[in-house]
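Worksheet: one structure, shown below.
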Amino acid sequence: MVKFNYVKSKFFLIAIYLLAGFCLFGKDNPKVLIAQGEELYNQGLYKEALHYFIKADSLTNNAMVCFWIGKILLSIPDRQLEALPYFERSVELKNPPYEVHLHLGKLYHQTFHFDKASRQFRLYLSKAPKDDGFRGYAERMLEVIANAKKVAGIPINKSVRPLSSKINSGYAEYAPYISADMQTMVFTRLENENDRLIKRFFITNSIDGELWNQPKELKISGNYSITDIELAGISQDGSILYLSIGNGRNNNLYSSKIQGDQIIGITLLTGEINSRFGEYAISFSADGTYCIFSSSRPGGYGGCDLYRAEKNSDGSFSNAKNLGPIINTQNDENYPFFHPDGKKLVFASEGHSSIGGYDIFETELNSSGLWNSPRPIAYVNTVYDDRFYMMDARGQKAIFSQSLNYFPGRYKIFVTDLKENIPLTMVKGIILSGNPPKPVKAQIKVYDHITKQRIKYAYSPDEYTGRYLMIFPPDRNYDIFIEADGFLPQLINVYIPEQKYFYELYQEITLNAIEVNNRRIGENVKVRNSFYDVSSLGQVDSTLSEYAEKKDYDKLLQMIGDIIYQTDSLGMIGLDQMTTKNNKQQKKDYQQLFDLIGQAIEATDNVSLALLDQNTQYDEVVSSPTYYGDNSSLGTKVFGHDTIKFADYILTSEQRVIVPSLVISDSLIQLRKSKPSERKYVFVDQIYFNLNDITILPKYYELILSVSEILHNNSQLGVELHGYTDPKGTEKYNYRLSDHRAKSVQRHLVGLGISPSRIITIPHGIDNQSKNFEQLRRVEIKVFEIRR
Amino acid sequence: MAQSLRKILIILIFSGLTYYSANSQQFTEYEVKAGYLYNFARFVTWPVSVFADATTPIVIGIYGNPRSGEIIKATIRNNTIDGRPFVIKYYNKPNQIQQCHILFVTEITRSQVIELIKEIKGKPILTVGDNIPEFCQLGGIVNFTQQYSTKRFEINHQVAIKSDLIISSKLLTLAQIVVSNEVEF
């Protein structure tokens, strides 16, 4: 071994001598190499230039050469920090260019050498000419470093985690935009192909915001180059994607839709939202009536600023206003996220107390309608760019993008837990029609029941999935107006109760045609509301858990005693909570449920079952049929400037407390009592008879079956059977014949299970119309409901 | 000493509460209904011929809105009765219903009920209506009543007997007993 090493090192020495000889006598003159390097550099061929500069650097000690190498390394993905030793050497050598202090300061800042960084920026300021464009930057960096020194070393007790490698698999991932339910995310990925970064957009889904599915690439349809496009925002329901398109300085905002793996329908936003200058990102209020966006237009406070604009009913924007000097600084403010609660605003800023690059700040509207001073979200902010912070509507998690430590530019998408609970209700719905049910194209408008104000941004159902999403402040009544293709408009009232915690409401709207004998005579709308109180397990009696935590057992025992004494079921919840201490995400124990029911049946214990029943969260189901009838008129309601016509006003919050059989007998009495003028005829058809015959011809069986079905399925309907004859024979005989004919149809219907009390037979005798006799020998079937 | 006594006391109190503590978790409508379906399987006896062997699964069919079926499936899975696992199947046509032990009928119209009952009449299938008006009168066996009713479910015992199903007297005690409509079709 020793001998081998000796031989090897000897060989090396010879090789170095040879190389040095070449250099002395060959054309590799450092001056020539530098000149060639500079020329290539000026042509933009950085990699080739780097080759010459490094060769030159091995031959000479030149501050400029080190500076060039550093600058080139700064431009190569992932090699920025390699520039550090070259800049360090450059400042040690004779006559370094003054710019080197700026770059070195920046790199020291990014590697957390704050004191060294300050020194470099001061040197820069002392050397740079008075009119140098970066003096302001250097001055700002001195402030930034002072900010960073203040917060450095403060421990962070929040868990900030990068998303899995399914998402963070490229060179860089940034601009994550999530829907309010945090189930959809679009983001941008840069992929490093031969040191060139290629941009791609992706979409992915998740259930919990933590684990995301394999993302699918989104292609742009239309004549747009992806290099000009950045993601700029997303609607709350994830159906509308906003884009910022331009050369980086003159970008404008566009809306678009995601269909499959395509971004389609790219449309310029109109009105005061776009200018000749740059617009980069946009976020809407929950009701969609206004937005907050970023723009570099003149008249702001410097750089990019945040603005607010109102969205008009025609989709254009007006009344764009700067958010003012509390939010905007002379540095850039960008990437706003306006929380659906309508108060909280989160944005990225290079100003304020940034500790480097963009940092994330939060603020909220106070009671006087002004913004509070923004505060940094300290556990997120780094010395690199931290941007694109978005929370879900429930306030459970936030997603944002920032650089990996020591890899500025390698943006990754991170997630963090938030402990805040925001009182909001999210309605997730689906609108379906047909059998089996399929998604239907529909429009949804939502109005505040009391103020009559249109909540303009109704998240209309996706044509392909039928799904929609709405977010409401609680303790209010809302009227949801639905216009579905091929159905009458419907108005549905939903009451969102007051609540401390976040609620989810699942709504299923099913529209169905009511048909008799393949003829459509009406339609039925069924609304199912299920409330999921996501934090129901968190509804702990706070005093109980407080005592439990403090281990104040005396108090605890006393309270347990009180609960047992009162046999208060809510208290029981509290008790059980304490036994499963703070484990709010605990899975439901179904075995316990099964055992409880089993034991209760075993003991024929009706009381336990009734208690369970009372504590069960039942769905609200309301079903409401509408028959077109002869002169169907729509109801009318006025909301602000809108007049809404609708078939039915459906109240979903009313409990179904009536016993079904009672409903039938009640309505039966009503049916018989009603006057013909109160009846609305929803279906009319004829059955013809042979001469002097009362037998129903087999060809009419299907019609009668069909009538029986409609009566079966709609307990509030009745039927009139009008018997007629032709003028042959005596009046008396024909009167009886017409009665027999009507009764014959009645018997048939009764045979099909229809209660005779819903059938009214009316003999008319001879029909004296001048028609064919065949058309006069008949029974007219008239299905009716009582006019409302 | 006093501390440990208190601890023991707490444990004693909690253990005494286990019977009621199921109330402490709030369940949704269909989770509870899944609990009933599971227990119907315990308190109803099928003819021996419907199970091929001792491990043949108990099939719960869902007829109607599949959404409630999904909740039932999630609630009931991994449970067994006497070594028999549960299998959930979805149907939307009466003639698809084969090899089914419990049929949960949810959100269908009255004429669909009539059509369904006609098809499976006499077969040893425990039909369970999801609060369908007059389900038992039309020939269904069990029907859930609506919330806050005095009895949790209705049973048409005649139909059960005709279908070769033996319903435990305990279940019958808890149920509202219903007889078929006069009219037969």
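Letters A, B, ... mirror the listed sequences (proteins, then strands); counts begin at 1. Note: hydrogens, waters and symmetry copies are ignored here, and every other heavy atom, side chains too, is used.
Looking at Glu107(B) and Lys526(A), a side-chain N of the basic residue comes within less than 4.0 Å of a carboxylate O on the acidic one, giving a salt bridge.
If you check the side chains of Asn713(A) and Gln112(B), you find no donor sitting under 3.5 Å from an acceptor.
Neither the backbone nor the side chain of Asn78(B) comes within less than 4.5 Å of any heavy atom of chain A. Contacts of Glu508(A) with chain B are made by side-chain atoms alone, with heavy-atom separations under 4.5 Å and no backbone atom involved. Residue contact with chain A, scored on non-hydrogen atoms closer than 4.5 Å, involves the backbone and the side chain of Thr75(B) alike. For Ser169(B), no part lies under 4.5 angstrom from a heavy atom of chain A.
Judged purely by atom type and a 3.5 angstrom limit, Asp613(A) has no side-chain atom pairing as donor or acceptor with the backbone of Gln147(B).
The distance from atom OG1 of Thr510(A) to atom CG of Asn65(B), rounded to the nearest 0.5 Å, is 7.0 Å. In this structure, OH on Tyr36(B) lies 5.5 Å from CG on Leu612(A), to the nearest 0.5 angstrom. Taking CG from Asn512(A) and OG1 from Thr109(B), the interatomic distance works out to 9.5 Å, rounded to the nearest 0.5 Å. Atoms OG and CG, on Ser111(B) and Leu705(A) in that order, are 8.5 Å from each other to the nearest 0.5 Å. Rounding to the nearest 0.5 Å places CD1 of Ile601(A) at 10.0 Å from NZ of Lys170(B). For the atom pair NE2 (His712(A)) and CD1 (Ile114(B)), the distance works out to 3.0 Å, reported to the nearest 0.5 Å.
Within residues 38-55 of chain B, the residues approaching chain A closer than 4.5 Å by heavy atoms are, in numerical order, Tyr38(B), Asn39(B), Arg42(B), Phe43(B).
Between Arg152(B) and Ala610(A) the shortest heavy-atom distance is NH1-CA, 3.9 Å.
Of the residues considered (Asn92(B), Val32(B), Thr173(B)), Val32(B) shows the highest number of contacts with chain A, using heavy-atom pairs under 4.5 Å.
The neighbour count for Gln99(B) CD, taken as heavy atoms of other residues, nucleotides or ligands under 6.0 Å away, does not exceed 12. Heavy-atom neighbours of Asn518(A) CG from other residues, nucleotides or ligands within 6.0 Å: at or below the threshold of 12. More than 12 heavy atoms of other residues, nucleotides or ligands shown are found within 6.0 angstrom of CD on Gln96(B).
Contact of the Asn606(A) side chain with the Lys151(B) side chain is registered, since non-hydrogen atoms from C-beta on lie closer than 4.5 Å. Residues Tyr590(A) and Asn79(B) form no side-chain contact, since every pair of their non-hydrogen atoms from C-beta on lies 4.5 Å or further apart.
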